[in-house]
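Bear in mind the structure is a predicted one, so any value in this text is a computation, not a measurement. Quick note: residue numbers are just sequence positions, from 1.
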Amino acid sequence: MKHQPDFRRYLVSFDASSLGQVFTDTLIIGAGIAGVRAALEAAQQVRVLLLCKGTLDESNTWHAQGGIAAVFDPDDSLQAHIKDTLLAGGGLSDEKVVDLVIRSGPALVQELVRWGAAFDRHKGRLALAREGGHSASRIVHAHGDATGQAITNCLINRLKDQPAIRLMENTFVVDLLSDQDRCVGALIAQPGKELTIIWAKRVILAAGGIGQMYRETTNPPGATGDGYALAYRAGARLEDMEMIQFHPTTLYVAGASRTLISEAVRGEGATLLDHSGYRFMPDYHPDAELAPRDIVSRAILQQMAKTGRANVFLDVRHMGPKKFRTRFPHICAMCESFDITPGKDLIPVRPSAHYMIGGVTVDINGQTSLQNLYACGEVAATSLHGANRLGSNSLLEGLVFGKIAGEHAAQAAQRQTRRLAPLPLGNSITPSHKTRLDVPDVRNSLRSLMWRNVGMTRDANHLAEAIEIIEFWSRYVMDKVFDEPQGWECQNMLTIARTMAAASLARQESRGVHFRSDFPQSDEKNWRKHITFTVNDPLSQLGK
Ligand code: SIN
């Protein structure tokens, strides 16, 4: 497979010597759980600059409802959590990584408690919820269904006490800077200001996910896949880009922008009904509503097709309105704002894009394939989740790998005693004016295309068509030079959409979240391996 049409190393023209310059030991891009945890760790050793695309309350972490998975129940065990994670991963998880993350979980969650995270308690102990694919109750949560906010607030408070960390919000990273195959910093844009160069000894990418690539998503508007595109253009390896997880239950009401209804609701006994009131999940899996997410999502899709309807319903009437409001206050308020009273009314739901399992390849230290560049959180592919992620294992991964990446990047930065000096980097592009572009229209068209052709059920014809259309759009979008985030995001989305479609086409089997209707079975002999991309080797396979 060839490069994307008009592939460019940098999206804009610049001359480093004529721009404002900032110097730091460790630059961290993204301020969700992974980025902030990395910053707190790195700041124990070196100066840190933490960048946030929007504000601290716009990350995927902030929106997390369910919680963070860790073993606290005396009847549960680390082995059981490891086994569940490996089982869900469908043969693509790395056992060493799974072991490391699961074993590190309880201590790091306790650390959050010491730092002031107000997790819910029951009889003095952490209250634990159940989610799909977990064989025990091990989901730590806060304010019922606002775990992400509680964790973010705790980490933000902690940040304030750290003089070594400088935070810059509303900062868009246009590109990573590289020189002789190593990452040396980033080119940033802030509203109303000239571009600025940041020179850094080490860079940690923690820029979150890609949900906005799909018409229907649980993710906030900022999740446009920028981190993946930054790393790819800079030469880092991506992997598992076909592994996109769809969450089974998002509110399906016009105007509700696909708000998540946490899996923890099913953990409390909610059932799924079709339009005739039939509970269909037992027909699809012995664990019914608590089967792994890919199974529940596909079952909903099949039931929608069978009944010719655009949604199914979540039934929480067994809880009654009062109990539901106490356990899930935010979900309840959100449903009520659309005149739905959970506990009395059925909640209309359907699946939508939720989490990118693949991403920038990292090793056990969070190091990417590009020297000096680390990654953690959703943007990183650690091989914890394999081909399918268990609910609430992602905040855990962000916490564990945030700490690891922060520690290793800071140690490496400290070892580099040579002072940072500006490099003579630059780039010149002649802008093309050949088309008058309606950027929002391209973005919306791409999101619809991805939903239709690279969604929960895929086949060769639709995937090949998606690649052809993405390449066609890319020809007149990638040759432009934009001066604001909407245009850059659109270019990032096209770049990464193509890798997602190409990887999905290449994997001629079904495994975990990747379902091919033309290859409905797993192919252990040929496909128990990862699909990787780099700019110089756009599609290859890696047995890890
Ligand atoms: C949920 O609350 O269902 C989402 C949790 C997750 O995706 O890990």
Side-chain angles (χ1 to χ4, degrees), residues 65 131-132 211 213-219 244-319 321 324 328 331-332 334-355 391 444 447-459 461-462 466 510 513-518 520:
Q65 295 178 352
E131 285 185 2
M213 212 84 86
Y214 286 89
R215 192 185 74 209
E216 316 232 340
T217 179
T218 60
N219 289 192
I244 301 118
Q245 183 172 62
F246 292 80
H247 195 289
T249 54
T250 44
L251 182 64
Y252 185 64
V253 184
S257 82
R258 304 302 170 263
T259 314
L260 180 68
I261 309 279
S262 175
E263 188 160 322
V265 174
R266 277 174 284 131
E268 294 285 346
T271 52
L272 284 162
L273 309 181
D274 67 15
H275 273 255
S276 67
Y278 178 64
R279 184 182 171 206
F280 55 90
M281 271 317 299
D283 298 349
Y284 291 90
H285 195 277
D287 291 338
E289 282 80 4
L290 286 180
R293 277 185 191 169
D294 58 317
I295 291 167
V296 182
S297 291
R298 264 196 306 281
I300 292 176
L301 213 63
Q302 284 179 41
Q303 204 66 19
M304 280 162 44
K306 266 190 205 163
T307 54
R309 301 296 188 131
N311 65 284
V312 296
F313 295 99
L314 201 53
D315 183 2
V316 293
R317 287 175 299 185
H318 69 291
M319 290 180 83
F324 189 88
F328 300 109
I331 297 173
C332 187
M334 191 258 303
C335 288
E336 283 176 345
S337 75
F338 290 97
D339 262 353
I340 296 164
T341 307
K344 179 162 94 51
D345 303 325
L346 296 177
I347 308 172
V349 291
R350 65 189 239 151
S352 69
H354 184 57
Y355 188 88
N444 289 336
R447 297 179 67 195
S448 294
L449 175 72
M450 292 298 283
W451 182 253
R452 280 194 316 271
N453 288 34
V454 196
M456 268 182 296
T457 302
R458 303 154 178 189
D459 64 53
N461 288 342
H462 285 92
S510 293
V513 296
H514 171 72
F515 183 75
R516 288 277 302 254
S517 56
D518 48 352

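- Between D283 and Y278, some side-chain heavy-atom pair lies under the 4.5 Å cut-off.
- Taking all atoms of both residues into account, the shortest heavy-atom contact from Y284 to A299 is CG-CB, 3.5 Å.
- Of the N and O atoms on the side chains of H462 and R452, not one donor lies less than 3.5 Å from an acceptor on the other residue.
- Here the CD-CG distance, from Q303 to L272, works out to 10.0 Å after rounding to the nearest 0.5 Å.
- In this structure, T250 contributes its side chain and T259 its backbone to no donor-acceptor pair below 3.5 Å.
- Closest approach of I300 to P351, counting heavy atoms only: CG2-CD, 3.7 Å.
- Here OG1 of T271 is found 9.5 Å from CZ of F280. Values are rounded to the nearest 0.5 Å.
- Checking side-chain atoms of S337 against main-chain N and O of M334 turns up a donor-acceptor pair under 3.5 Å.
- Although no hydrogens or angles enter the test, the distance criterion places no donor-acceptor pair under 3.5 Å between the side chain of E216 and the main chain of S352.
- For the pair P348/L251, a side-chain contact is recorded, criterion being any heavy-atom separation below 4.5 Å from C-beta on.
- The shortest non-hydrogen separation linking A270 to V316 is CB-CG1, 3.5 Å.
- Here the rule is side-chain hydrogen bond (donor to acceptor under 3.5 Å, both in side chains) with Q245, and of H354, H514, R293 only R293 fits it.
- A heavy-atom distance below 4.5 Å is not found between the side chains of L449 and R215.
- The nearest pair of heavy atoms linking I347 to C335 is CG2-SG, 4.2 Å.
- Between V454 and Y214 there is a side-chain heavy-atom pair separated by less than 4.5 Å.
- Side chain of H318 to backbone of E268: a donor-acceptor contact under 3.5 angstrom is found.
- Separation of atoms CG (D294) and CE (M456) is listed at 11.0 Å; rounding is to 0.5 Å.
- To the nearest 0.5 angstrom, H275 atom NE2 is 15.0 Å from K306 atom NZ.
- Here the side chains of L273 and L346 are in contact, with some heavy-atom distance below 4.5 Å.
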Test V312 against M304 for side-chain contact (heavy atoms from CB on, under 4.5 Å), laying out the working first.
-> CA-CA 7 Å; V312 296; M304 280 162 44; 4.1 Å; yes
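- Between D518 atom CG and N461 atom CG the span is 7.5 Å, to the nearest 0.5 Å.
- Summarising the geometry, atom CZ belonging to F246 is positioned 9.0 Å from atom OG1 belonging to T217; distances are rounded to the nearest 0.5 Å.
- N311 and V349 get closest at one heavy-atom pair: CB-O, 3.3 Å.
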Before giving the answer on side-chain contact (heavy atoms from CB on, under 4.5 Å), spell out for L314 and R266 the whole-Å C-alpha distance, their side-chain angles and the decisive distance to 0.1 Å.
-> CA-CA 8 Å; L314 201 53; R266 277 174 284 131; 3.9 Å; yes
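- Not a single donor-acceptor pair under 3.5 Å links the side chain of S517 to the backbone N or O of T457.
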Under the side-chain contact (heavy atoms from CB on, under 4.5 Å) rule, what do I331 and S262 come out as? Steps first, then yes or no, please.
-> CA-CA 8 Å; I331 297 173; S262 175; 4.0 Å; yes
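- Taking both residues in full, the closest heavy atoms of A254 and F338 are given as O-CE2, 4.2 Å, listed atom of the first, atom of the second, then distance.
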From CA spacing to verdict: side-chain contact (heavy atoms from CB on, under 4.5 Å), V296, E289 = CA-CA 7 Å; V296 182; E289 282 80 4; 5.9 Å; no
